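Only a predicted model underlies this, so the values are computations on that prediction, with no experimental measurement involved.
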Protein chains: 2
Amino acid sequence: MSQGNTGVTAQVVNAHACPVREVLDRVSGKWSVQILVAAAQGPIRFTELERSIEGISRRMLTLTLRNLERDGLVTRTVHPTVPPKVEYELTPVAEELHKTLQQLTDWAERNRVYVAEARAAYDERRETD
Amino acid sequence: MSQGNTGVTAQVVNAHACPVREVLDRVSGKWSVQILVAAAQGPIRFTELERSIEGISRRMLTLTLRNLERDGLVTRTVHPTVPPKVEYELTPVAEELHKTLQQLTDWAERNRVYVAEARAAYDERRETD
DNA sequence: CTGCATCCCCAGCGATACTG
DNA sequence: CAGTATCGCTGGGGATGCAG
């Protein structure tokens with residue numbers, strides 16, 4: 001058994017259409033999560049999003065919002081006024097998602113220092129070779 | 001107030017070094033999460049990972065493992081045998097992360113159908129214009 | 001078995017300008 | 001105010017081959 005049978009320690013965890021990949025596809029992209037976070041506090045206008053999320057371009061804001069809307073994660077409400085007013089809001093499903101995203105950011109905050117130090121230590125080792 | 005003051009509905013949620021971005025940087029990349037999931041069940045060898053994660057290339061497996069190691073999320077243990085045997089294992093910090101990732105995949109499973117239908121409906125509307 | 005080096009491609013994103 | 005259209009780049013990642 002020293003090298004013949006590798007064992008079945010890890011089953012195939014990603015059959016196709018793996019839920020892991022599904023989430024990632026939904027959450028991937030540079031801006032999706034930040035938009036979800038920004039919109040989580042209630043209906044928010046296009047320009048408010050643009051200002052809330054530092055560094056985002058109009059183009060990416062539009063594109064990402066469209067994708068989120070397509071996936072049923074945000075609703076888009078047009079108020080036919082002048083000037084135009086469009087509000088985006090999380091759907092209930094997205095609110096749930098937001099809660100778990102919150103857990104992720106909590107993890108990040110708790111372990112930010114740990115990761116930074118691990119990284120520094122790793123790089124240190126590489127240099128002193 | 002109809003258009004003068006936009007209010008402060010959404011504060012700037014992403015100061016620089018935003019935790020949101022930090023997690024994403026750690027979890028982004030096509031394979032990081034799947035590796036974390038696969039390694040969560042215990043120490044796992046390089047080749048086992050390669051077989052567990054369908055579609056991953058040797059190159060990306062190596063690169064992603066290095067990054068995870070650098071961030072202190074996996075440990076790399078070399079057994080100086082012949083043939084070589086290297087085992088990867090989650091660190092405690094990564095185990096915590098894995099728990100929250102589990103929540104994400106749970107969300108994905110619960111709402112997979114919802115998203116698929118939302119998407120289909122959206123595309124339907126686009127076509128029938 | 002485990003891993004690095006090289007080449008190459010393309011999707012994601014930024015910049016910019018134009019519209020209802 | 002809230003978009004859309006076009007262009008061009010960058011780097012993430014796939015394919016392949018070599019090495020300890």
Would you list the pairs meeting side chain to side chain donor-acceptor pair (under 3.5 Å) in which at least one residue belongs to residues 86-95 of chain B, sequence neighbours left out? B:Arg66-B:Tyr88, B:Arg76-B:Tyr88, B:His79-B:Glu87
Sequence neighbours excluded, the answer for side-chain contact (heavy atoms from CB on, under 4.5 Å) partners of A:Ala40 is A:Leu90, A:His98
Whichever of A:Pro84 and A:Ser28 has the more 5' nearest nucleotide on DNA chain C, that residue is A:Ser28
Rounded distance in Å - [atom1] ([X]) to [atom2] ([N]):
{"X": "A:Leu65", "N": "C:dC13", "atom1": "CG", "atom2": "C1'", "result": "16 Å"}
{"X": "B:Leu63", "N": "D:dA15", "atom1": "CG", "atom2": "P", "result": "15 Å"}
{"X": "A:His79", "N": "D:dG3", "atom1": "NE2", "atom2": "C1'", "result": "17 Å"}
{"X": "A:Leu61", "N": "C:dC13", "atom1": "CG", "atom2": "C1'", "result": "14 Å"}
{"X": "A:Leu24", "N": "D:dG13", "atom1": "CG", "atom2": "P", "result": "11 Å"}
{"X": "B:Glu54", "N": "D:dG13", "atom1": "CD", "atom2": "C1'", "result": "18 Å"}
{"X": "A:Met60", "N": "C:dG12", "atom1": "CE", "atom2": "P", "result": "9 Å"}
{"X": "B:Arg58", "N": "D:dA15", "atom1": "CZ", "atom2": "C1'", "result": "12 Å"}

Quick one: which of C:dG3, D:dG13, D:dA2 gets closest to the side chain of B:Thr62? C:dG3
Between [X] and [N], is there a contact of a side-chain N or O with OP1 or OP2 at under 4.0 Å?
{"X": "B:Tyr88", "N": "C:dG3", "value": "yes"}
{"X": "B:Arg76", "N": "C:dG3", "value": "yes"}
{"X": "A:Arg66", "N": "D:dG3", "value": "yes"}
{"X": "B:Ser57", "N": "D:dG14", "value": "yes"}

Output yes when B:Arg21 and B:Asp25 qualify as a salt bridge under the 4.0 Å nitrogen-oxygen rule, no when they do not. yes
Within-4.5 Å side-chain heavy-atom neighbours: A:Leu73 and A:Glu69: no
With rounding to the nearest 0.5 angstrom, report the CD to OG1 distance, A:Glu50 to A:Thr62. 8.0 Å
Is it the case that D:dG3 (base atoms only) and A:Arg59 (side chain only) share a donor and an acceptor within less than 3.5 Å, ignoring hydrogens and angles? no
